[in-house]
Structures are given as C-alpha cells and as structure tokens.
Novice: 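Below you'll find the structure I mean.
Lettering of chains follows the sequences in order, A, B, ..., and the numbering in each one begins at 1.
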Amino acid sequence: MGWHQQIGFPILSVITYVPLLGALLIWIFGKGRPRFYKVVSLVATFAALVLSVVLLFKFDSANPAMQFAEDFMWVSRFNIHYGFGVDGIAALLLLLTTLLGCIVIIASWNYVKDRERGFFTTLLLLQTGMTGVFCATDLFLFYVFWEFMLVPMYFIIGVWGGPRKIYAAIKFVLFTLVGSLLMLVAIIVVVYYTYKQGTTTGAGGITFNIQELSRQTFPYGLQFWAFLAFFAAFAIKVPMFPVHTWLPDAHVEAPMAGSVLLAGVLLKMGAYGMLRFCLPFFPDAAVAYIPYVAVLSVIAIVYGALVSMMQKDLKKLVAYSSVSHMGFVTAGIFAAIALAGNAQGMEGAILVMFSHGILTGALFLLVGFLYERTHTRQISEMSQLAKPLPILAGFFLFFVLGSLGLPGLSGFVGEFLSLLGLFHYSHWLGAIAATGMILAACYLLWMYQRVLFNDRGDDEVKPAISVRDFGPREIASLVPLIVFAVWVGVYPQTFLNLLHVPVQTILDRVLGPSQQAHAHGLADLLHAARGLF
Amino acid sequence: MKAIITLIPLLPLFGFVVTLIFGKRLFGKRADVLAVAVVTVAWVLSMYVFYHVFTHREDALQVQLFGWIGSGSLHVTWGYYVDTLTAVMLLVVGTIGMLVHYYSIGYMRGDEGYYRFFAYLNLFMFAMFTLILANNYLLMFLGWEGVGLCSYLLIAFWFRKKSASQAGKKAFLVNRIGDFGFTLAMFLLILSVNTLQFTGVFAQVGSIGNTTLLAICLLLFMGAIGKSAQFPLHVWLPDAMEGPTPVSALIHAATMVNAGVYMVARSYPLFIHSHAAMLVVMSIGAFTAIYAALIALTQNDIKRVIAYSTVSSLGFMFMALGAGAWAAGIFYLLAHGFFKGLLFLASGSVIHAMSGEQDMRLMGGLRKKLPLTFWTMLTGAVAMAGIFPLSGFWAKDEIIGGAFRAGYYWVWVVGIVTAFVTAIYMGRLIFLTFWGENRAAAEVQHHIHESPKVMTVPLVLLAIPAAVLGMIVGLPPDGGWIHRFLEPVFFRVESEPFSWIGSGGLLMLVSLAVVLLGVYAAYVMYIRSRELPAELSKSFPWAYRASFNKFYMDEFYEVSVIRPVIDGANWLWTFFDVKAIDGSVNGLAWLWDRFARLIRPLQTGRVQNYAFAIFSGMFVLVIVLRWIWGS
C-alpha cells in the first residue's frame, strides 16, 4: 500500500530525513550556539518519534503488503529504486529507533564537553542512517544505508570515546565491514542470478526489489553460500558467539549515547537482516542451518551470561549481557522455522529485540548517569550508592528486574515465547537456554548488590558521598522507557498484533511447499556446496 | 463480583505506586496511611468473596479481564478463578497481611525507609493476591515471581548491612532455580495441552502421557521446593531472617512460603494421576520436616529457630499432600499461617523490647515484663508444638494419622519423631526467653518494655485463631468443616469416619504423649538442670556440630556449585574470551601488520627502484613467454 492511500505525505522519508535536516541546520547556523543546536536536535528527533507513533496508529496490521510505500526510480540502468516501506516488524523497530534517538538527545544534554556541535550533528546523521535501514525495500538502498550508518558510529566512538577509542572504533568498523563485504558479494550474486534467469518482471529482468527477490527460487548450492555470506554480516552485527568480541570494546569506549544506540538499535539490525533476507531469500539453506544456529545461540545465552558475571566494568557487564539476550533472539527465529506451528518463537524473538532495546538502552543510560556522578565504571570502586542516590537506585532496580526477566515487564514475555519456541524445537536446548534466566539474575543482582547495596562487610559503612540525585532531565529520559517496559509486559498484544502477519509471511515462505528437498546433516550440506563448483 | 475480585489485587498495587513515588512528600511521617487503608479495604473485599464462596461452595467464580499473551496457538488471559481453595488462601493472606501492616506501624516507626517499607508491603500484597487468584499458571507465575521480588526487597531492606543484602540476593537466586523448573513445566504443559488455564489443563489430564505428566509434576514441584524452602533449596529461608520481623511473619511464615504448597494443591488433578510424583512430594516433605527440626534444636537466634520450624512445618504440609491427605495439608496451612505469623510477630515484640537483641542466650525472665507478648507467644508455641486442644494439634494429627492410615508407616514414624523434636525446641524457645533470670546487659535490661498497642493488638487477634481455629474447622478429625468446604476441589476419598475410641483416638493419644514428653524434656534441660544441654553437646560433639552448622549445606553449595561456576566463568572470560577468541582476532590483525611490513620495502618511492623492477619484470616475462610459445 502506498503512502498516498494511507496518510497523504511520504511519511517514511520524512521520518528518515527530519534528523538529516536538523543536522544541516546545525551545521549551517549552529556554530557557537549550544542552545540552538540542542533544541534543534531535540525537535528533530521528537518530530520523528511523533511521526512514527502516528504511523503505528495508521498502520494496518492485517495487511501483509509493505505499507506507506514510496517508490521512485533511482538508477534506471540497473532498475535500482528509491523504495521505502514498512511491515509490522520494521514499524516496531522504527518506533524503537526514533524513541531511543530522542531519548539520547535528552540524556546527552550536558554529557560531552568537547566538540559538542559535532556530536549532536553526528547523532542526527546516525539516526537517519538507522531509520533508512529499517525502511528500505530496495536491496541496493538498504546496503547504502547499512554502510552509511557505520560512518557516524565510527566517529561517535572514535572522537567522543574513552581512552582506547581508536582501537575500539577500528575494531568495530573492521568487523562490520568484513561482514558487509561478504554480503555485498552475495547481493551481486543473487541479483545477477535472477537477471540471468529472467524470472522477474521489470526493465531488463534485473531487480533489487526485496519482495520480488523473496519470491525467487535459488538453487541449493547458491542458497548455501549466499546464506552464509548474508548470515556472516548479520551474525557479526547481532553479535553471535564467537564473533562478539568487538562489542564489549565498542561499548566500553563509546560515549553514553553511542552505547545506547549501539545496543538498542544497531544490534537489532543483525536480527532484522536475518528475518528480512536470510530466511525469505534462502529458505532451504536456512532450514538446513537451524541446528548450527540454535546451538550457537544457546552457547551465546549461557556463555554471555557467565562471562558477564565476571566483569569488573559496568559497561562490559551490560555488553556481555547483550550477547546473552540476543542469543534468545537468534534461537527463537531459527527454532520457529524448524517446525510448523511454532510462530511464537519468532514473535517472541522480535519482542525480545524491542524489549532489549528498551531495557539495555536504559541500563546504558543509567551507567552513563552513574559515571557522570562517580567518574568511574569500575564496580569495585562503588558501594552503597543507594543511600546517596535513592531515585537512581529505584530506576536502576526497575531496569535490572526487567532485564532479568521479571514477569510483568517486557523482558519476560519475549524470552518466554522465544524459549518456548526453542523448547518446542529441542527440549534439551530449551532447558539449557532456560538456565540463562537463572544466570541473568545472578550477574544482575550481584552487580546491583555491589554497586548500590553492600557486599564489603558490615563494618565498612562508607560515609554518604554528596552527589546530586536524579533531576528532571534524567527522569524524563527514563520514564518513557518505563512506560514501554510495563506496556509490553502487561499488554504485549499491542505489539504482537503488529507481528502476526509479517511473521506468518516469513513462515509461509520458509515452511511452504519447497521446490527442493531440505538437506539436513552436515554431509548433505557439504554435498550441496560441492555442487556449486 | 467481578469488580470486587478485580479490586482485591488492584488496590494494593495502587497503594504501592502512590506510596513509593509520592509517599514521602504526600504523607510525610504518616507514609503508612494509604498503604494500610488499601490493605484494609482489600481485606474487607476478600472477606466478602470468602463469604460468597462460603455460601456458594459448588460453583467457582471466574473473571476474565483481558487477553494477556496471544502468539501462535498460545493464548493466555489475565483472569481470576476463585474456588474454595482460593477462598481459604484469601482468608489467610488477607487477614494476616492486614494485621502485619498494622503491626508494622509500630515496629518500623522512625526508620528512614518507612515509606519504602509500606510500599513494598503493598506490592507484596498485590503479587500474593495475584498468585492465589490467577486462573492460569502463567499469571500465577507472575505473582510467584512478584512475591519473590518483594521478598528480595524486604530481606535486603537494610541494604547497608552486608548480611542483609547478601541474604536478599540469595533468596532470589535460590528461588530462581526453582522457577527454572516451573518454567519448563509450563512449556511441557503448553506442548501437551496447548493451554495454561487451570480448567483447561485439568480437563485434559488424561491426554498427557505418563512420562510427560511425571516430568510436569516434578518440575512444578521443583518450583514449589524453591518457594516453600524444602530440602535441598531451603537454604535461603533462615538467612531471610535478616529482614525486618514483620516481613518474616508475613512473607516467610504465613503467606509466600505457602505458595509452593498452594501450587501443588492447585495442581491436584495433575499430581493425583502420577503416583511417583506424589511419592517424591511426600518423601521430600517428610525428610525436610525432620531435618529442619533437628537444626532448630541448637540455633540460638530466636528468629532462626522459628525459621527452621517453618521449614519443618512446610515439610509437614508437603508430606500431607504427598500422602493424599490434601485437605489436611491445607488445614495445616491455614492453622500454621496464624500460629506461625503470631510466633514471628511475638518474637518481634521480644526483639523490640530487647533493643534489637535476637540471641536467646541473652534473654530470659521476660514473662513478667512482657505479659501480653508472653501469653500470646505461649499460645503460638503450644499450637506449634501440637498440644491439645490448640489448632496445631488437630492439623498435625490429621497429617500423621492420615499417613498411618494410608499405610505409610515410616512417614508416621518420621512425623512422630518430628513432633517430639518440635516440642523440645519450642519448649526451649519459651523457657530460654521467658523463664529464669534475664541475661542481657544492664543497659538493655533497663529499656525492656511491653510493645505499643498497635503491635500487641494484632498479637491478640492472631492468638485467638491460633488457639481455637482447630476446634472450629477441624472437628471431628478427618471430617471437619474444612474437609467439607474443600470437597469441590479435592474429590473426597471415602474412608471410615474418625473413631475416637479406636485406631484414630489411639494414634492421637500416642502423638500427644510424645509431644508432652518432649515438653517435659525441654523443661528438664532448660529449667531444672541447666547444665544438661552443655553436657549433652559434649558427649555427642559430632551431632551437636552437625545440627548447629545446619548439616553444612551452605558450605556444600559453596564448594560444589558456587566456586566451580565462578571459577569456570572466570576461566571462560580471562582465557577463552580474552585470549582465545579476541586473541585470534588481534593475532590476525598482527599477522596482517607483519605481512604489510614485509612488503613495505617494495614501496620505496625511489624512481630507479621502480625502473629496475619494471625492467627485471619485463625481462622475466619475455623469457617466460618465449618459453611458452617458443617451442
């Protein structure tokens, strides 16, 4: 459905480019006027947020087509379009992006002292890149946004980061680039193959349209390798075990806003890519890969939690917990395509994505706020902070509880459903993954005890340090996240309703009548791989 | 009716939110006002619901509020279900919850976290009401985790004390291990019958395979073990005594710890079809009952003695459920809620009077100075020990009598021995605290005073049911009102009516005799010849040390679970993550760097070098090409 019928203006483009417009304004008029560029940033991101809420109200969750679609010819020689449109999954992630985008502006109001104007400009550019990734319906356009987004993130870590910022920024970019270049090769292969087959409509038989490519049938050998190339790009982004080591470094060095967006939005793009490309493009390969992905996900869940438990730096702790939580996402997605009637695995996984964005985003905000007050992130240097900082302690507790999966808050619903999906696929893997919920309580509550309560001995009662507790700015940046955490926990239907149709579309595609026999064992896979040469 | 049932959990939730956020500013020093008010109203409503169920025993009340989670084929609603079992729980939770709120006004006065305390208590009431009212396992689990959270918050209430914050965390984590089982049980239920609604699950029990059913029951029971502090997951409850005493009374004696018993009783239609599971429930219960009683014998902290007695009592309840004496188990739960809540609140009154001292060795002679506390606590202790005609006697006797009649003679023996040990340690508690000379410092002695009315009135109000409840609802034994009331829940197994003159009366006499013997033993040891306990511990040092150190369970877990996990996790991080994975990433970068350095001399920037390379390259090329095409 086009934007004409639904709303009357190209809403997706507006949401995407409003931050870009803000960045331009700041660049031209903002020099030496901190108040001006901060307000412009806030207004631009807030406008994007309001529009994405409006979009959700106008969204028709029963319609399987891409909605609010925009389509203009871009490079006619290769039939590349400027195509925007969202389904329920993308719309939900769009909301997450604009919400966190607006919140980091509020939270970073006084956070950076150095080159502040550039910081806000970069944040706005980053938001445009992230939004574009979720809106693009053209593979080429998607790739452009996917790569574009790297640049502002590179600068956010590399310019406004901590002591080892250059190492972390380069590591982040190199990891991501390795994946994206593999993906680029696979994109060319896929498009070239359809062009050769001539099975598409459109000028010259060439197409970059994602939906159209999702209807193609590729030979198994091609699926096997192209899946792997796409999957590599997305697995690095998620990140899955064992390609996760860029994440802790990037988080530790990134400024608060960078960490929030990194954990809140960028990681979701990996899982989004799997849903959008890996499964619909290569259904037969995807099914063949299930056992490997499931095992890696379960390892990530347990391993991430165990490693998280030992961290001495708060940000690293939350970073490793992300590895653990994202394991639920990949596990749920791939368990859902393992057998019919397991849609809850995938819906749960997407809900975990949203909820993890909210909760972990909030945890990074809280770590940032703590850092503003104590100038350290070392757990061993903090103790009994709940005494001087009761409001911070309350907020912190809320998000810790959400993150460890307390029923009634958002983390639980998603994890329950994705675990259920995994359990349906394999009882043993499901049971092992469920220990992740015990371990999550271990690392989070232990951390909470060391930082805000006391684990040093009864005698050593520190004198209350005099630091400022939360003011309106901190509260304003966290309350919206609380609202969403409770909303998803108590009435997840609002969000699940968005997901039923797109999830079913993916499942129909993967589980539908297959033209090829599904290969299962590793030997079959290798055989199929050999067939390619 | 729908509105009333909905309001029961909703009111405390409202109280929680308002008290937590605005309590300090809105009410100042009277931050209790709203919290106490909403709980009082909730109590009135619970009593109304109880009365309704009382008069309409056969039809359960059902309330469907809204669809909670709907995904794939799974549909879970937010809804309530009230039958007679729920009504009994409403009675216990509502009444004791309200009394503890009032008591806390006096006990917590002047604490800097006063408003926080009442907010948490309200949150607890919300979660506990949700737990018992839920009409499906998932919503029950929400309440289940919610009460666990409140337990965490209230145990660690004085978070600046290391022991308190440690104990809170321990409680939550140990409970999580049980919840792991609960979660897997729900998964199995969903895969077997595709619903979590109680009525739906129980209607389809027949379609669940035997092995699956056993697995479901055992996993559910694993959750119950955690929440109701049964062996081997009991270790959190004694430590939980770090919390303020009203919390111990409410959460760790009268309500939350019963949740496991309630859950198993609620799952009656599942368990009844799995004999093996019932046997496990009974065995764990019986073992825990005697095990905890033996530990209680040698503890010196007054609250810890009562805590272990709670673990033991909960074991009794599971023993009853496992032996098929369902109604007797719930009867004990009901009576226990009152007398154990009373014991804790009374011990709080003692501690209050002793300026915070909890060690019984430093008490004594408080009979005269705290008359009301003494008499009420004595009532609780006598009920707990199971002495005729107080409530504990009837409830306990139905359980061990029931085990005997069901043919589980070893369980009967365990029950009798436990009753004997219980009588000794309850006697010890009373004699050490209230008889003899006061052994505290003069400063403390000087401050001893009876607690204010707001604390003693709840004691009296609890003492009444603790004393007479058994005679009202439990007579005649095995066929009292409670049995008839619970009939719609637990289908009645036809058995011979209780005979006073016959096996029933005889069993009762035996148990009473044993208990009285225990009390006499305590009297001898702690009043007549006080050197006897020390001598005994010297003659059996191993037994004394094992009991005093709680059979080294904490140490065992430290060595067998905590250390290995921590060390393993540390290895995973410092070696596997940093050295192996990230090391190979950096190693790759290093190799690349080396390689680049290796070929860097090629790019010297000197024209003559390039010219030389071009010419030698051409020379080689010409030779090669000639070699290929030349022949």
Novice: Could you look at A:Asn342 and say if it's the side chain, the backbone, both or neither that has a heavy atom under 4.5 Å from chain B?
Specialist: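 Neither part.
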Novice: Measuring heavy-atom distances to chain B, does A:His500 have an atom under 4.5 Å in its side chain, in its backbone, in both, or in neither?
Specialist: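 Contact with chain B is through the side chain of A:His500 alone.
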Novice: Just so I understand: if I count every heavy-atom pair under 4.5 Å between each of A:Ala431, A:Gly341, A:Ser308 and chain B, which residue has the most?
Specialist: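 Going by pairs under 4.5 Å, I would pick A:Ala431.
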Novice: Go through it in stages, so that I can follow the logic: the residues are B:Glu112 and A:Lys387, the test is side chain to side chain contact (heavy atoms under 4.5 Å, CB included), and I'd like the CA-CA distance, side-chain angles, deciding distance and then a yes or no.
Specialist: CA-CA 11 Å; B:Glu112 56 182 337; A:Lys387 178 70 188 152; 2.6 Å; yes
Novice: Which heavy atom of B:Ser165 sits nearest to which heavy atom of A:Gln449, and what is that distance?
Specialist: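 Looks like OG-NE2, 3.0 Å.
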Novice: Side chain of A:Gln493, backbone of B:Gly70: donor and acceptor closer than 3.5 Å?
Specialist: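 Yes.
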Novice: How long is the span from the CG atom in A:Leu409 to the CG atom in B:Leu142, to the nearest 0.5 Å?
Specialist: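 Reported value, rounded in 0.5 Å steps: 8.5 Å.
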Novice: Decide yes or no for B:Tyr152 and A:Leu397: does some side-chain heavy atom of the first lie under 4.5 Å from some side-chain heavy atom of the second?
Specialist: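 Side chain of B:Tyr152 against side chain of A:Leu397, heavy atoms only: contact under 4.5 Å found.
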Novice: Nearest 0.5 angstrom please: A:Met309 CE to B:Ile566 CD1, how far?
Specialist: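 Interatomic distance, A:Met309 CE to B:Ile566 CD1, rounded to 0.5 Å: 5.0 Å.
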Novice: Check this for me, if you would: do B:Asp577 and A:Lys316 make a salt bridge, where the nitrogen-to-carboxylate-oxygen distance has to be below 4.0 angstrom?
Specialist: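 Not counted as a salt bridge, because no side-chain N and carboxylate O are separated by less than 4.0 Å.
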Novice: How close do A:Ala343 and B:Gly72 get, counting heavy atoms only, and between which atoms?
Specialist: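 Taking A:Ala343 first and B:Gly72 second, the nearest heavy atoms are CB-CA, 4.2 Å.
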Novice: Please flag which part of B:Leu149 lies under 4.5 Å from any non-hydrogen atom of chain A: side chain, backbone, both or neither.
Specialist: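 For B:Leu149, the contact with chain A is made by the side chain alone.
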Novice: If I measure from the heavy atoms of chain B, does A:Thr435 come under 4.5 Å with its side chain, its backbone, both, or neither?
Specialist: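 Both parts, heavy atoms under 4.5 Å.
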Novice: So which of A:Val503, A:Leu174, A:Leu507, A:Val490 has the largest heavy-atom pair count under 4.5 angstrom toward chain B?
Specialist: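 If we count pairs closer than 4.5 Å to chain B, A:Val490 comes out on top.
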Novice: Given that the side chain runs from C-beta out, which part of B:Ile190 has a heavy atom under 4.5 Å from chain A: side chain, backbone, both or neither?
Specialist: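 For B:Ile190, the side chain is the part near chain A, not the backbone.
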Novice: Non-hydrogen atoms of chain A under 4.5 Å away: do they reach the side chain of B:Asn586, the backbone, both or neither?
Specialist: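 Side chain only.
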Novice: Given a strict heavy-atom distance threshold of 4.5 Å, which part of A:Trp446 is in contact with chain B: side chain, backbone, both, or neither?
Specialist: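 Its backbone and side chain both get close to chain B.
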Novice: Should A:Phe412 and B:Phe141 be marked as a ring-ring contact (aromatic ring centres under 6.0 Å, His included) after you check the CA-CA gap, both sets of side-chain angles, and the distance that decides it?
Specialist: CA-CA 11 Å; A:Phe412 174 74; B:Phe141 188 68; 5.8 Å; yes
Novice: Identify the two heavy atoms, one from B:Phe180 and one from A:Ala434, that lie closest to each other, and give their separation to 0.1 Å.
Specialist: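 Taking every non-hydrogen atom into account, CE1-CB, 3.5 Å.
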Novice: Below 4.5 Å from any heavy atom of chain B, which atoms of A:Ile391 appear? Answer side chain, backbone, both or neither.
Specialist: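 A:Ile391 has no heavy atom closer than 4.5 Å to chain B.
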Novice: Identify, with sequence neighbours excluded, every residue that meets side-chain hydrogen bond (donor to acceptor under 3.5 Å, both in side chains) alongside A:Tyr443.
Specialist: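 Checked A:Tyr443 against side-chain hydrogen bond (donor to acceptor under 3.5 Å, both in side chains); zero matches.
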Novice: Between A:Leu420, A:Leu439, A:Val307, which has the largest tally of heavy atom pairs under 4.5 Å with chain B?
Specialist: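 Greatest number of close heavy-atom pairs with chain B: A:Leu420.
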Novice: Where does B:Leu191 contact chain A at under 4.5 Å (heavy atoms): side chain, backbone, both or neither?
Specialist: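 Looking at B:Leu191, just its side chain touches chain A.
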Novice: Against chain A, work out which of B:Trp78, B:Phe66, B:Phe576, B:Trp571 has the most heavy-atom pairs shorter than 4.5 Å and name it.
Specialist: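 Among B:Trp78, B:Phe66, B:Phe576, B:Trp571, the one with the most close pairs to chain A is B:Phe576.
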Novice: Would you say B:Trp573 and A:Lys312 make side-chain contact, with heavy atoms under 4.5 Å?
Specialist: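 Yes; the side chains approach each other to less than 4.5 Å.
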Novice: To the nearest 0.5 Å, tell me how far A:Ile438 CD1 sits from B:Asp179 CG.
Specialist: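 Result: 8.5 Å between the selected atoms.
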Novice: Which heavy atom of A:Glu347 sits nearest a heavy atom of B:Ser71, and at what distance?
Specialist: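 Looking at all heavy atoms of both residues, the shortest contact is OE1-OG, 2.7 Å.
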Novice: Would you mind reporting whether A:His244 and B:Asp582 have side-chain heavy atoms less than 4.5 Å apart?
Specialist: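 Of all side-chain heavy-atom pairs linking A:His244 with B:Asp582, none is under 4.5 Å.
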Novice: Give, for atom CG of A:Leu422 and atom CZ of B:Phe187, the distance between the pair rounded to the nearest 0.5 Å.
Specialist: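 The CG atom of A:Leu422 sits 8.5 Å away from the CZ atom of B:Phe187.
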Novice: Does the side chain of B:Val585 come within less than 4.5 Å of A:Val243's, by heavy atoms?
Specialist: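 Side chain of A:Val243 against side chain of B:Val585, heavy atoms only: no contact under 4.5 Å found.
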Novice: Return the CZ to CG distance between B:Arg176 and A:Leu445, rounded to the nearest 0.5 Å.
Specialist: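 Spacing of CZ (B:Arg176) from CG (A:Leu445) equals 8.5 Å.
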Novice: Using a 4.5 Å cut-off on heavy atoms from C-beta on, say whether the side chain of B:Trp144 contacts that of A:Pro407.
Specialist: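 Counting from C-beta outward, A:Pro407 and B:Trp144 never come under 4.5 Å.
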Novice: Set out, in order, the CA-CA distance, both residues' side-chain angles and the distance that settles side chain to side chain contact (heavy atoms under 4.5 Å, CB included) for B:Leu572 and A:Met310, then state yes or no.
Specialist: CA-CA 9 Å; B:Leu572 275 183; A:Met310 301 319 298; over 6 Å; no
Novice: Please look at A:Tyr167 and chain B and tell me whether the side chain, the backbone, both or neither of the residue comes under 4.5 angstrom of a heavy atom of that chain.
Specialist: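 Only the side chain of A:Tyr167 comes within 4.5 Å of chain B.
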Novice: Using non-hydrogen atoms and a 4.5 Å limit, figure out which bit of B:Leu139 sits close to chain A: side chain, backbone, both or neither.
Specialist: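 The answer is neither part of B:Leu139.
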Novice: Just one of B:Phe157, B:Phe159, B:Trp158 clears the ring-ring contact (aromatic ring centres under 6.0 Å, His included) bar with A:Phe453, so which one?
Specialist: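 That would be B:Phe159; it is the only one of B:Phe157, B:Phe159, B:Trp158 passing the ring-ring contact (aromatic ring centres under 6.0 Å, His included) with A:Phe453.
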Novice: For atom CZ of B:Phe14, decide whether the heavy atoms of other residues, nucleotides or ligands shown that lie under 6.0 angstrom number more than 12.
Specialist: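 No - once you tally the heavy atoms of other residues, nucleotides and ligands closer than 6.0 Å, there are 12 at most.
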Novice: When rounded to the nearest 0.5 angstrom, what is the spacing between CZ in B:Arg160 and CG in A:Leu452?
Specialist: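 Spacing of CZ (B:Arg160) from CG (A:Leu452) equals 12.5 Å.
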Novice: Could you pull out the closest heavy-atom pair between B:Gly67 and A:Tyr491, with the gap in Å?
Specialist: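 Taking B:Gly67 first and A:Tyr491 second, the nearest heavy atoms are O-CE1, 3.5 Å.
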